[in-house]
Amino acid sequence: MTTGLNTPPGVSQKLAATIGLPYTLTTGKAVGSTITALASKRLTGSYCSDCQRTNVPAQDYCVGCGGEMSLIEAADTGTITAATTTPEHTLLLVQIDGASSPLLHRLVGPAEGAVPGVRVRAVWADETKALFLDLEGFEVADSEAAASSPVDTTVDDAMKEMPYRLDLDYQHSYGPYYGRLFDELAHHRRLVGSPCPQCHQVMVPPRERCDVCFARTTRLVEVQDTGTLQAFSIVHLEFVGQTRTPPYVYAEVVLDGSSTRLIHVLGGFEIEKARDLTIGMPVRAVWKDASQAQGTLADIEYFEPVV
Amino acid sequence: MRSVAIVGTGQTDHSRRRTDVTQVGLAREAVVRALQDADLTMDDIDSVVVCTGPVLFAAVNQPEKWLADAIGARYKPVVRVTSGGGTGLAGALAAVNQVKAGIAERVLVVAYDKLSEGALQYSISTLYDPFWGREFAVGIMGFSAAYWRARMDSLGHTEEAAAMVAVKNRKNALLNPYAHVKKPVTVEDVLNSKPLCWPIKLMDVPPISDGACAVVLASEDAAKKSSRPAAWIRGMSYVSEAENAPNRSMIQSEPLTIAAQKVYKQAGITNPRRQFDVVEVQEPYTCFELSYYEGLGLCEPGGAAELIKSGATEMDGDIPVNPSGGCMGANPIGATALIRLAEIADQVRGQSGDHQIHGAQWGLMQAGGGWANLRGVAAVSSEKG
Ligand SMILES: [Zn+2]
Ligand SMILES: [Zn+2]
């Protein structure tokens, strides 16, 4: 079979994929102490005696000299240095009294009059939860600028760790080569590769250029769903994001008619016998039922040894 | 071409989890120690290279921005380099080139990862093609185990031979103050340890660590002003392979062979086994160290099992490999390659303390990412050459 590269109309051009990762972040002394102090409605800053610089909120290290900063109790009043209104909030840069640089937060209360130069005061949540939003924001309130007199503060039992998550959604474009590959997989249960016109190696998945001689490929050819086991390992490890339950066999297979390795799993035998598998043994694809086909590599349930 | 020397090194107190510092606090600790060792301050540094693993390891993008503040590097050139397990060496090469080109007299390289923050194997699986293979990926471990199994057939890299690497490196780690895993094991312990991705077993695997390393590189003029001994870079190379190219056997690493040959030519080395006094290699799993013996030309292809068995790579052998304990003592991935460079530099500077190889003048180090596709090598010497 020889096929061209035209993707039929009406076929999805994108693969939706999500990377979801849990984290336990280390806050460090400054952020940990700041958040812990917010729960008792106190704002924390940091002070560098070499640079005479005060940061609010607190930072561990001085942006001026890289030295360690000491923690101080900061004023809860300041002056707006910039403001912008979004559909949900008016965001403010507030120069806390005594601080060397402004703090980004939001306005609480009416937006009128919240312009640079206006005095503001911290607004605290009724019930604090040791989160940054225990400081709900700032409201317009006349006050004298607080005197800047750094007092060393230490917070007992400061927070050290914080749970966090990243859930990242992507839309990956197939492009003509992958598009045709997965169309063939979904509709005809066959795998295609691209032969290099110069070195005649057949690359699966198909690609525009040969990795070795960089010649441009111009056509697709069908490769077999049988092949040779190039390498395998027996997975016992459990980890976040795993798509199958251990134990199972990870495999790299070179399909008949191709010159590249395909990553998949082996099955069709008792897992206790997996150590007897041999490198170079012939294997073949076991396909899922047609009703479950999704046009991905997982349409192949596993590869099984040919006996 | 200008000569380049390492004039200061620093490592953190590596640990499975450091709850007392943020990522940048961790990196800063290594910087402070490297500057102390070099008897310099940030004012003496012209340029900074930051090295970390993939950002998904710790959820902060462009961490070099955050770090520049924490080490007092504002208004200095700062770039970040990332290249898997070889990251620290790739960054060192970038720094060496800055000095060689004459655009900097002293460059600070700082490499770190705080691996306790995220999900390691899953993060590594995102290195795979999202269309083709990612859902079957088992981080780097499934893949490495698979080709180790293949090497058993073709090169005789047996489970016993790999276990001897674990025994040697874990023993050496006992002498290294920066190693956070200090537990001697026997070959039987390793062979009987729990399979994770067979043939890789629990004790073939180094710890997962929070840690950082920093190195100060200097031109000849700048190095002369230093009161401490210098380690001269006599050769350095970092080479890549096309990951999915046709006909990759994965049995030998061509990039490693190419990098080693380039470095030996630069350094005038004709017999690495005899000419080097000490070697540091980055072994993500024990089986890797066996492969490096062959790729670095310390023995013939297929000779690694015999070499480890002979005891030649022990502390008191003729070619000691990983007197620091290698990754078995600590393995903060983004920092690991730079730790190997710092360790080998300290050997030829005579600063290795309890794990010093007496009188070491020539050192060889290796680092890389992936099973076979990114490999770097460096040669250092106590003499400028
Ligand atoms: Zn300062
Ligand atoms: Zn070609």
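Any value given below was found using the heavy atoms of this structure, including those in side chains, with hydrogens, waters and symmetry copies removed. Quantities reported herein were computed from a predicted structural model and do not represent experimental measurements. Reminder, nothing fancy here: chain letters follow the sequence lines and each chain counts from 1.
- At a threshold of 4.5 Å between non-hydrogen side-chain atoms, the residues A:Leu168 and A:Thr18 do not count as touching.
- For B:Ala73, no part lies under 4.5 angstrom from a heavy atom of chain A.
- Contacts of B:Asp153 with chain A are made by side-chain atoms alone, with heavy-atom separations under 4.5 Å and no backbone atom involved.
- Residue contact with chain B, scored on non-hydrogen atoms closer than 4.5 Å, is absent for A:Ala30.
- Looking at B:Leu56, the atoms closer than 4.5 Å to chain A (heavy atoms on both sides) sit in the backbone and in the side chain alike.
- Proximity to chain A (any heavy atom under 4.5 Å) is shown, for B:Arg248, by both the backbone and the side chain.
- B:Ala242 touches chain A through its side chain: at least one heavy atom from C-beta onward sits under 4.5 Å away, while N, CA, C and O do not.
- The residue among B:Ile71, B:Thr126, B:Asp129 with the most heavy atom pairs within less than 4.5 Å of chain A is B:Asp129.
- With chain B as the partner, the residue from A:Thr260, A:Leu25, A:Val254, A:Leu262 showing the most heavy-atom pairs under 4.5 Å is A:Leu25.
- Under the 4.5 Å side-chain criterion, counting only non-hydrogen atoms from C-beta, B:Phe131 is not in contact with A:Thr296.
- Heavy-atom distances place both the backbone and the side chain of A:Val204 under 4.5 Å from chain B.
- Neither the backbone nor the side chain of B:Asp210 comes within contact range of chain A; no heavy atoms are under 4.5 Å apart.
- B:Gln23 does not touch chain A: none of its heavy atoms, backbone or side chain, sits under 4.5 Å away.
- At a 4.5 Å heavy-atom cutoff, the contact between B:Met250 and chain A is made by side-chain atoms alone.
- Looking at B:Ser144, there are no atoms closer than 4.5 Å to chain A (heavy atoms on both sides), in backbone or side chain.
- B:Thr52 and B:Arg80 are linked by a side-chain donor-acceptor pair at a separation below 3.5 angstrom, with hydrogens and angles left out of the test.
- Residue contact with chain B, scored on non-hydrogen atoms closer than 4.5 Å, involves the backbone of A:Cys62 exclusively.
- Counting heavy-atom pairs closer than 4.5 Å to chain B, the top residue among A:Arg244, A:Gln59, A:Glu238 is A:Arg244.
- Using a 4.5 Å cut-off between heavy atoms, A:Tyr164 contacts chain B through its side chain alone, with no backbone atom that close.
- Both the backbone and the side chain of A:Tyr23 come within contact range of chain B, with heavy atoms under 4.5 Å apart.
- Residues A:Cys196 and A:Cys213 have side chains in contact (heavy-atom distance under 4.5 Å, counting atoms from C-beta outward).
- Taking 4.5 Å as the limit, some side-chain heavy atom of A:Val212 sits within range of a side-chain heavy atom of B:Pro246.
- Using a 4.5 Å cut-off between heavy atoms, B:Ala68 makes no contact with chain A at all.
- Using a 4.5 Å cut-off on side-chain heavy atoms (C-beta onward), A:Leu266 and A:Tyr302 make no contact.
- With a 4.5 Å cut-off on non-hydrogen atoms, A:Phe232 touches chain B through its backbone and its side chain both.
- Of the listed residues (B:Val60, B:Leu196, B:Asp69, B:Thr22), the greatest number of heavy-atom pairs within a distance under 4.5 Å of chain A belongs to B:Leu196.
- In this view, A:Pro205 and A:Tyr178, A:Leu181, A:Arg207, B:Trp132 satisfy the side-chain contact (heavy atoms from CB on, under 4.5 Å) rule, not counting sequence neighbours.
- The side chain to side chain donor-acceptor pair (under 3.5 Å) with B:Ser209 is formed by just one residue from the set B:His14, B:His180, B:Arg16; it is B:His180.
- The contact between B:Lys114 and chain A is made entirely by side chain atoms (from C-beta outward), counting heavy-atom distances below 4.5 Å.
- Interface check for chain B: of the options A:Thr24, A:Ile19, A:Val31, the most heavy-atom pairs under 4.5 Å are formed by A:Thr24.
- Taking 4.5 Å as the limit, some side-chain heavy atom of B:Leu127 sits within range of a side-chain heavy atom of B:Pro54.
- Expressed to the nearest 0.5 Å, how far NZ of A:Lys160 lies from CD1 of A:Ile35 amounts to 15.0 Å.
- With a threshold of 4.5 angstrom between heavy atoms, A:Leu277 approaches chain B through N, CA, C or O but not through any side-chain atom.
- Closest approach of B:Pro195 and A:His236 over heavy atoms only: O-CB, 3.2 Å.
- Most heavy-atom pairs under 4.5 Å with chain B, from the set A:Lys29, A:Met203, A:Gln242, A:Glu68: that is A:Glu68.
- Only the backbone of B:Arg18 has a heavy atom closer than 4.5 Å to any heavy atom of chain A.
- Looking at A:Glu161 and A:Thr26, their side chains never bring a donor and an acceptor atom within 3.5 Å of each other.
- Here the side chains of B:Val110 and B:Leu67 are in contact, with some heavy-atom distance below 4.5 Å.
- Within the 4.5 Å cutoff, the side chain of A:Val265 has no heavy atoms near those of the A:Phe303 side chain.
- At a 4.5 Å heavy-atom cutoff, the contact between B:Tyr128 and chain A is made by side-chain atoms alone.
- Looking at every heavy atom in both residues, B:His157 comes nearest to B:Trp148 through O-NE1, 2.8 Å.
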